[in-house]
Amino acid sequence: MIWNVGQFLTDRQTDRQTDIQTDRQTRLCALDAIKAISIIAVIFYHLGVLKNGYLGVESFFVVSGYSFARGVKYSKLKDDVINPIISMLRKHYFLILCACLFILVFGFFFVFPIYYKSFGYESIAALLLSSNILQVIKATDYWNVSNITNPLMHMWYICVMIKSLALLRIMLWGSNKLVKKVQPIFVYILIFLISFCLYLLPVFSATYKFYLVPFRLYEVAFGCIVCEFEKRKPLSQANKTVSTFEICAIIVVLFIGNVIEINRSLLMISVLVLTVAFIYSNKSVYQTSTYSLMNLLCIPGRYSFQIYIWHQVIIALSMMLVFDSVNFVCIVWVLLLTALFTYASIRISCSRLIVSFKRSLPAIVAVILCVMVFAGVTYAKKGVYFSYPELGLSDSKEDPDRWISYVDRVYSWETEFEDDDRLKVLVIGNSYGRDFANIIYESNIEDCVDLTYVPQNLHRPFEQIKHKIDRADLVFYSVDYWEEEPKELYDYCWDKLIIVGNKCFSKNTKVWLKRFGNDYLTSVVPVPTEFLQTNEKMKEKYVNHYIDMMSYVLDENNMERVFTDDGCYISVDGKHLSKEGAIFYAREMDMLALLTELFSK
């Protein structure tokens with residue numbers, strides 16, 4: 001898009017004058033202030049800086065309910081319910097569509113396939129306003145490696161908010177049809193009580209209560225009740241000190257989790273109560289002039305929806321492709337890019353072309369269908385549109401997720417030892433244990449080794465696997481964490497127990513950007529210092545009972561190689577071995593010699 005600078009400045013001045021007049025008449029700076037605090041808290045939570053920043057959405061829900069009740073025209077509820085909902089969708093849906101289209105196009109060129117695959121189904125869920133439902137499903141999806149770097153994971157709130165407001169409008173319409181002259185406040189109170197009672201029921205999981213509309217509706221209804229109560233009994237006295245105290249208290253609650261541990265439910269209730277108290281206070285004390293400091297601070301709140309849409313997109317892609325960890329430069333980068341995307345989306349949304357587009361239902365439906373088809377194909381092809389030999393895919397029609405079935409095939413090896421003279425090897429562990437079992441298998445020593453696998457399960461009684469431990473010549477224990485030690489194994493079979501060290505592979509997102517360079521297949525990446533230090537401590541602790549898995553992929557500078565000698569990724573997801581990676585380890589470790597050496601000791 002090429003902007004005419006002169007026209008841009010003229011439009012900007014006209015829009016600004018119009019916005020100033022509108023803001024003075026309808027906007028509440030107090031609400032913008034609370035939304036500004038909330039969106040900043042959410043951004044820093046997603047950056048991993050603010051532990052309780054997610055509580056900012058609690059304020060968003062209450063403010064959304066208040067704004068809904070403040071703007072709804074009850075006199076027209078009986079006549080029309082569909083058009084207001086469509087109008088709300090047009091207002092919010094365009095940016096959702098833009099975000100989905102952006103990540104799909106950007107990811108096509110720059111994102112590693114295993115992550116790009118998730119962009120497809122995440123976009124479909126967002127366009128269907130079902131991201132919250134998808135998050136519930138993914139909460140139990142072990143193999144979803146893209147949760148951390150998901151640019152649309154925050155869309156659950158948008159979906160819950162839109163569906164909650166639509167449901168409120170429908171229930172108000174229905175109650176007006178059933179009962180003449182029903183007071184809206186009674187409808188809001190009924191919705192609040194039903195939703196809050198559902199939330200209190202212990203039969204539903206915390207995941208359901210966090211993501212699903214029935215358990216979140218009470219917060220939106222709470223804001224509606226406050227608005228209706230304010231219409232009946234407004235506060236006549238303006239007390240800026242009290243309002244300032246309330247908003248400062250909200251900030252303290254959001255930040256206190258970084259200092260001391262407090263019950264999350266208590267924090268959530270505190271944020272809700274303080275937000276309600278603040279928006280019920282006399283908000284006229286914050287209706288200041290256009291150029292005041294207060295108005296400047298309220299800018300993030302005024303454009304909180306746009307900021308919310310883009311901030312996670314920027315964070316996820318930045319952590320994928322630019323930064324290894326969150327630092328000051330990363331924070332500044334995210335804030336600047338978020339501001340840039342927010343500003344651009346505001347300007348584009350106001351252009352004549354986009355305004356006309358929003359008014360044309362056939363055009364909207366056509367574009368949505370095109371984006372959904374793009375997203376659906378991306379998911380169906382699992383993020384792979386071409387052949388990638390380095391991923392073991394000589395043809396784009398091959399299954400990109402074959403590494404998952406490769407790791408999980410080890411479940412079928414949970415058998416009893418054979419009655420023969422082969423070396424009995426028992427591997428106990430989770431998916432990392434299955435990795436090690438695959439290394440043994442790829443060593444082609446089945447004539448010498450009888451291999452059995454036992455899934456690491458904290459709920460499985462130790463007595464159930466004792467007989468296998470008794471028959472085993474060597475017992476390998478491998479999990480992806482160091483916090484909990486298998487004390488029962490130590491006490492029972494220390495003489496033949498071997499601890500298999502953790503692995504910390506590259507997530508490949510930055511290496512993928514080099515795939516057209518000459519040094520692509522010789523890429524090396526740094527390993528986190530904390531991991532190396534912990535690994536050294538484990539080596540010192542277990543000595544001859546420890547296998548350092550990282551020593552086979554680290555060079556003299558502690559840089560980790562990414563590819564095998566044959567030019568294939570050692571790990572696809574940054575945690576588990578590909579088949580080519582297991583073969584590489586089997587060759588490097590000389591498994592038969594290693595097992596023989598360990599057994600002789």
Side-chain angles (χ1 to χ4, degrees), residues 1 35-51 53-54 56-57 60 92-112 114-123 125-127 131 134-135 144-159 161 254 299-349 371 374-375 378 383 507-510 512-513:
M1 175 180 284
K35 288 194 291 183
I37 293 171
S38 299
I39 190 61
I40 291 171
V42 169
I43 290 174
F44 280 96
Y45 170 72
H46 287 153
L47 281 167
V49 176
L50 190 58
K51 186 176 179 180
Y54 68 94
V57 298
F60 274 131
H92 295 102
Y93 203 84
F94 176 70
L95 278 183
I96 298 174
L97 181 63
C98 287
C100 293
L101 182 59
F102 174 78
I103 66 165
L104 287 170
V105 174
F106 184 90
F108 181 86
F109 294 102
F110 301 111
V111 176
F112 194 62
I114 191 175
Y115 298 96
Y116 185 50
K117 174 186 71 173
S118 68
F119 288 12
Y121 61 75
E122 290 284 352
S123 296
L127 293 171
S131 291
L134 179 62
Q135 290 299 325
N144 197 321
V145 300
S146 56
N147 282 334
I148 298 175
T149 50
N150 178 6
L152 296 180
M153 75 172 189
H154 63 313
M155 286 293 183
W156 71 268
Y157 160 73
I158 303 295
C159 296
M161 185 265 293
L254 292 174
I299 290 176
R302 193 170 304 160
Y303 303 112
S304 58
F305 180 76
Q306 292 90 341
I307 295 173
Y308 188 88
I309 288 287
W310 290 113
H311 83 278
Q312 178 59 25
V313 174
I314 302 302
I315 290 173
L317 295 179
S318 297
M319 296 309 297
M320 243 191 247
L321 306 174
V322 182
F323 298 98
D324 295 314
S325 61
V326 176
N327 50 37
F328 178 75
V329 176
C330 174
I331 293 173
V332 172
W333 167 276
V334 167
L335 294 179
L336 288 176
L337 277 185
T338 300
L340 178 63
F341 273 69
T342 298
Y343 178 76
S345 63
I346 293 169
R347 296 302 308 174
I348 292 172
S349 296
V371 176
F374 186 10
T378 297
K507 289 185 170 54
N508 305 324
T509 52
K510 299 175 184 64
W512 186 252
L513 297 176

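For reference, positions follow the sequence shown, starting with 1.
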Visitor: Before you tell me yes or no, could you show the steps for Ser123 and Val371 under side chain to side chain contact (heavy atoms under 4.5 Å, CB included), namely the whole-Å CA-CA distance, both residues' side-chain angles and the distance that decides it to 0.1 Å?
Guide: CA-CA 8 Å; Ser123 296; Val371 176; 5.6 Å; no

Visitor: Mind checking ring-ring contact (aromatic ring centres under 6.0 Å, His included) for Phe341 and listing every partner two or more places apart, or none if nothing turns up?
Guide: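 Partners of Phe341 under the ring-ring contact (aromatic ring centres under 6.0 Å, His included) test: Phe102, Trp310.
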
Visitor: Please report the closest heavy-atom contact between Val111 and Trp512, naming both atoms and the distance.
Guide: O-NE1, 3.5 Å

Visitor: Please list all pairs meeting side chain to side chain donor-acceptor pair (under 3.5 Å) that have one or both residues in residues 313-326, counting only residues at least two apart or in different chains.
Guide: Ser318-Trp333, Asp324-Lys510

Visitor: Applying salt bridge (Lys or Arg N to Asp or Glu O under 4.0 Å) as the test, list every pair that has at least one member in residues 325-337; sequence neighbours left out.
Guide: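 Applying salt bridge (Lys or Arg N to Asp or Glu O under 4.0 Å) to every pair that reaches into residues 325-337, excluding sequence neighbours, yields nothing.
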
Visitor: Side chains of Val57 and Trp156: does their closest heavy-atom pair fall under 4.5 Å?
Guide: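 Answer yes - side chains close enough.
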
Visitor: Say whether, by atom type as modelled, one donor and one acceptor occur between the side chain of Thr509 and the main chain of Met320 under 3.5 angstrom.
Guide: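 Yes, Thr509 side chain to Met320 backbone: donor-acceptor pair under 3.5 Å.
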
Visitor: Identify, with sequence neighbours excluded, every residue that meets side-chain contact (heavy atoms from CB on, under 4.5 Å) alongside Ile346.
Guide: Tyr303, Gln306, Thr342

Visitor: Gln135 and Asn150: side chain to side chain contact (heavy atoms under 4.5 Å, CB included), yes or no, with the steps?
Guide: CA-CA 11 Å; Gln135 290 299 325; Asn150 178 6; 4.0 Å; yes

Visitor: According to side chain to side chain donor-acceptor pair (under 3.5 Å), who are the partners of Thr338, at least two apart in sequence or on a separate chain?
Guide: none

Visitor: Hey, what do you get for CG (Leu127) to CG (Leu152), rounding to the nearest 0.5 Å?
Guide: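 Interatomic distance, Leu127 CG to Leu152 CG, rounded to 0.5 Å: 9.0 Å.
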
Visitor: What distance separates Ile37 CD1 from Lys35 NZ, expressed to the nearest 0.5 Å?
Guide: 12.5 Å

Visitor: Rounded at 0.5 Å granularity, tell me how far SG in Cys159 sits from CD1 in Ile96.
Guide: 6.0 Å

Visitor: Checking side chain to side chain contact (heavy atoms under 4.5 Å, CB included) for the pair Leu337/Leu340: CA distance, chi angles, key distance, verdict?
Guide: CA-CA 5 Å; Leu337 277 185; Leu340 178 63; 4.3 Å; yes

Visitor: Can you tell me which residue among Leu317, Val322, Ile315, Leu321 is in a side chain to side chain contact (heavy atoms under 4.5 Å, CB included) with Met319?
Guide: Ile315

Visitor: Identify the heavy atoms of Leu95 and Ser345 that sit nearest to each other, and give their distance.
Guide: CD2-CB, 3.6 Å

Visitor: Working to the nearest 0.5 angstrom, can you tell me the gap between Leu47 CG and Asn327 CG?
Guide: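 One finds 10.5 Å between CG of Leu47 and CG of Asn327.
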
Visitor: Just wondering, do Ile309 and Met155 contact through their side chains at under 4.5 Å, heavy atoms?
Guide: yes

Visitor: State which residues pass ring-ring contact (aromatic ring centres under 6.0 Å, His included) with Tyr45; sequence neighbours excluded, sorted by chain then number.
Guide: Tyr54

Visitor: Between Phe44 and Leu254, is there a side-chain heavy-atom distance shorter than 4.5 Å?
Guide: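 Side chain of Leu254 against side chain of Phe44, heavy atoms only: no contact under 4.5 Å found.
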
Visitor: Can you find a heavy atom in the side chain of Ile43 that is under 4.5 Å from one in the side chain of Leu335?
Guide: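 In short, these two side chains touch, coming nearer than 4.5 Å.
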
Visitor: Suppose we screen for ring-ring contact (aromatic ring centres under 6.0 Å, His included). Which residues come up paired with Phe119, at least two apart in sequence or across chains?
Guide: Tyr116

Visitor: If I take atom CG from residue Leu50 and atom CD1 from residue Ile40, how far apart are they, to the nearest 0.5 angstrom?
Guide: 10.5 Å

Visitor: Quick one: does Met153's side chain get under 4.5 Å of His46's, heavy atoms only?
Guide: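 Yes. Closest side-chain heavy atoms under 4.5 Å.
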
Visitor: Would you please name every residue forming a side chain to side chain donor-acceptor pair (under 3.5 Å) with His154, sequence neighbours left out?
Guide: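 So His154 forms no side chain to side chain donor-acceptor pair (under 3.5 Å) with any residue.
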
Visitor: Of all residues at least two apart in sequence or in a different chain, which pass the ring-ring contact (aromatic ring centres under 6.0 Å, His included) check with Phe94?
Guide: none

Visitor: With respect to His92, which candidate in Tyr157, Tyr308, Phe305 satisfies the ring pair (Phe, Tyr, Trp, His ring centres under 6.0 Å) definition?
Guide: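 The option that passes is Phe305.
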
Visitor: Restricting to pairs with a member in residues 38-47, which pass salt bridge (Lys or Arg N to Asp or Glu O under 4.0 Å), not counting sequence neighbours?
Guide: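 Matches after skipping sequence neighbours: none remain.
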
Visitor: What's the verdict on side chain to side chain contact (heavy atoms under 4.5 Å, CB included) for Leu336 and Val332, showing C-alpha distance, side-chain angles and the deciding distance?
Guide: CA-CA 6 Å; Leu336 288 176; Val332 172; 3.8 Å; yes

Visitor: Can you give me every donor-acceptor pair (side chain of residues 103-110, partner residue at least two apart or in another chain, under 3.5 Å) with its distance?
Guide:
none

Visitor: Using a 4.5 Å cut-off on heavy atoms from C-beta on, say whether the side chain of Glu122 contacts that of Pro151.
Guide: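 The answer is no, as the side chains (C-beta and beyond) never meet within the 4.5 Å cut-off.
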
Visitor: List the atom of Pro300, the atom of Ile39, and the distance in Å for their closest heavy-atom pair.
Guide: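 The answer is O-CG2, 4.1 Å.
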
Visitor: Does anything in residues 333-344 pair up under salt bridge (Lys or Arg N to Asp or Glu O under 4.0 Å), and if so which pairs, sequence neighbours excluded?
Guide: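 Non-adjacent pairs meeting salt bridge (Lys or Arg N to Asp or Glu O under 4.0 Å): zero.
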
